[in-house]
Amino acid sequence: MELSELVKELRFTWAKGDAIRDAGLTTPDDIKRFDNLSYGPYGDDNLLDIYVKKDVTNKQPAIVNIHGGGWVYGNKEVYQFYCMGLAQRGFTVVNINYRLAPENKFPCAVEDINRVMEFIAAQGEKYYVDRDRLILVGDSAGGQLVSHYAAIVTNKEFAKLFDFSVPDITIKALGLNCGAYDSKNMILSTDDDAFNEYVGTITNPAVSDIVEKIDTIGHMTSAFPPSFVMSTVVDFLLPEAEPMYEKLKSLGVPAKLEIYGSSDRPDIGHVFHVNSRMPEARECNDDECEFFRKFV
């Protein structure tokens, strides 16, 4: 298919920036990797890596990372060093690819996340994954995907709208990092061009089933997992963070809101936590993992 100029530009610009950020980084000496495990039928789009400390001998709480990239960009390689850092903090970490838009429209990415959970339910234990103590983390578009999938898992009526069955897994907590969450508003406002690449053109929202199926906020319940909500003072998605936190509190869901950085630190910006070299990123990831430990 012919890609839009927007998608071409995002893929080129973000790939260049990610390569600069991670240049020279290598796998830490204390980490064992299981790379390019297939979890579904879509080739490279359905591969995942698993990272664990070399001294681990039994299954343990596991973090599943859903990468960001505006629904149109990204892969597990550009999140590997961030994810291995989480593994060094005492978790098994599952780092996944999923099908990207616009080649693969909604709900392809959500279906792939569910396939990852099926893989974990069937095979996770041999890779030190405890399927009853799972944590999902996602940033930017990945935050939207994580919150959306968590709403599906914790709301049986919402789950009925999708053509897949949730496997026997337990999500204990979420990390919602610099994310977008009010996806119904996003689809109705049509302001986000990258999101439109994901959901496609909707000519009549009043009769489109996509509007209900994409609505995370409207389908969250008190069963939604405890959530660490993170943003920064200069994050363009900062306006999404506090409303999500307030929604969680209104449902009685344990939640923590952390806003990092300051107006004079543009480097502590959108998804800064993925930068393994940044001390502030390490602080943020320490805070988030401390939150997770309370629930696993």
Side-chain angles (χ1 to χ4, degrees), residues 6 9-26 28 63 65-75 77-89 91 93 95 135-147 173-182 186 191-195 227-249 255-294:
L6 171 70
E9 176 64 20
L10 292 181
R11 289 182 177 176
F12 174 80
T13 302
W14 289 345
K16 183 178 179 180
D18 287 340
I20 293 170
R21 180 196 67 206
D22 292 343
L25 295 178
T26 58
I63 296 173
N65 178 65
I66 313 300
H67 69 73
W71 303 274
V72 303
Y73 164 78
N75 56 45
E77 279 66 41
V78 298
Y79 278 72
Q80 61 180 314
F81 299 109
Y82 159 68
C83 286
M84 286 187 284
L86 297 180
Q88 288 180 306
R89 290 170 168 84
F91 300 89
V93 181
N95 180 25
I135 300 152
L136 304 189
V137 301
D139 58 79
S140 198
Q144 185 273 326
L145 291 169
V146 163
S147 59
L174 306 180
L176 302 176
N177 300 314
C178 303
Y181 312 111
D182 193 350
M186 291 166 64
D191 289 338
D192 191 313
D193 291 337
F195 190 65
S227 299
F228 186 99
V229 183
M230 183 276 282
S231 187
T232 86
V233 171
V234 298
D235 180 13
F236 70 94
L237 286 178
L238 174 61
E240 295 274 340
E242 187 168 356
M244 183 56 159
Y245 174 68
E246 294 298 335
K247 176 66 177 181
L248 292 161
K249 287 205 305 182
K256 185 173 185 179
L257 175 66
E258 289 285 356
I259 309 299
Y260 294 90
S262 60
S263 59
D264 61 345
R265 287 293 304 275
D267 55 321
I268 306 178
H270 187 61
V271 304
F272 78 102
H273 68 297
V274 181
N275 188 342
S276 300
R277 292 187 168 97
M278 184 180 286
E280 294 83 1
R282 294 193 289 272
E283 176 188 356
C284 170
N285 296 330
D286 284 343
D287 293 345
E288 195 155 311
C289 288
E290 180 181 359
F291 177 86
F292 296 155
R293 291 186 187 100
K294 296 175 183 178

**Student:** For the CG atom of D286 and the CG atom of L86, what is their distance to the nearest 0.5 Å?
**Tutor:** 10.0 Å

**Student:** Kindly say whether G85 contributes a backbone atom to a donor-acceptor pair with the side chain of R282 at under 3.5 angstrom?
**Tutor:** no

**Student:** Look at the side chain of N75 and the backbone N and O of V78, then say whether any donor-acceptor pair between them is shorter than 3.5 Å.
**Tutor:** yes

**Student:** How close do V234 and S263 get, counting heavy atoms only, and between which atoms?
**Tutor:** CG1-CA, 4.1 Å

**Student:** At their closest point, which heavy atom of A241 faces which heavy atom of L257, and how far apart are they?
**Tutor:** CB-CD1, 4.0 Å

**Student:** At their closest point, which heavy atom of A141 faces which heavy atom of G70, and how far apart are they?
**Tutor:** CB-N, 3.6 Å

**Student:** Do V271 and Y82 have side-chain heavy atoms sitting under 4.5 Å apart?
**Tutor:** no

**Student:** Under the ring-ring contact (aromatic ring centres under 6.0 Å, His included) test, which residues partner F91, sequence neighbours left out?
**Tutor:** none

**Student:** Do V93 and M84 touch side chain to side chain, with heavy atoms closer than 4.5 Å?
**Tutor:** no

**Student:** Nearest 0.5 Å, what's the CZ-CG distance between F228 and L176?
**Tutor:** 10.0 Å

**Student:** So among T232, N177, D235, which one has a side chain to side chain donor-acceptor pair (under 3.5 Å) with H270?
**Tutor:** D235

**Student:** Classify the ring geometry of Y260 against F272: parallel below 30°, tilted from 30° to 60°, perpendicular beyond 60°.
**Tutor:** tilted

**Student:** Are E246 and K249 within salt-bridge range, i.e. N to O under 4.0 Å?
**Tutor:** yes

**Student:** Looking at A194 and V72, what are the two nearest heavy atoms and their distance?
**Tutor:** O-CG1, 4.3 Å

**Student:** So R265 and E280, do their side chains get closer than 4.5 Å, heavy atoms only?
**Tutor:** yes

**Student:** How many angstroms lie between atom OG of S140 and atom CH2 of W14, to the nearest 0.5 angstrom?
**Tutor:** 6.5 Å

**Student:** I need the F195 CZ to Q144 CD distance, nearest 0.5 Å.
**Tutor:** 5.0 Å

**Student:** Side chains of I259 and V233, heavy atoms from C-beta outward: is any pair under 4.5 Å?
**Tutor:** yes

**Student:** Taking the side chain as every heavy atom from C-beta outward, state whether E283 and D287 have any atom pair closer than 4.5 Å.
**Tutor:** yes

**Student:** For M186 versus A180, what's the shortest heavy-atom pair and its separation?
**Tutor:** SD-CB, 3.8 Å

**Student:** So, taking the atom named CG in L25 and the one named CG in N275, what distance separates them when rounded to the nearest 0.5 Å?
**Tutor:** 8.5 Å

**Student:** Roughly how far, to the nearest 0.5 Å, is CD of Q88 from SG of C289?
**Tutor:** 11.0 Å

**Student:** Where is the tightest heavy-atom contact between D182 and E240, given as atom of each residue plus distance?
**Tutor:** N-OE1, 3.3 Å

**Student:** Evaluate R89 against R293 for side-chain contact (heavy atoms from CB on, under 4.5 Å), listing each step before the verdict.
**Tutor:** CA-CA 10 Å; R89 290 170 168 84; R293 291 186 187 100; 3.8 Å; yes

**Student:** Apply the side chain to side chain donor-acceptor pair (under 3.5 Å) test between Y79 and each candidate in D139, N95, D22; give the one that qualifies.
**Tutor:** D139

**Student:** Can you tell me which residue among E9, K16, R11 is in a side chain to side chain donor-acceptor pair (under 3.5 Å) with T13?
**Tutor:** E9

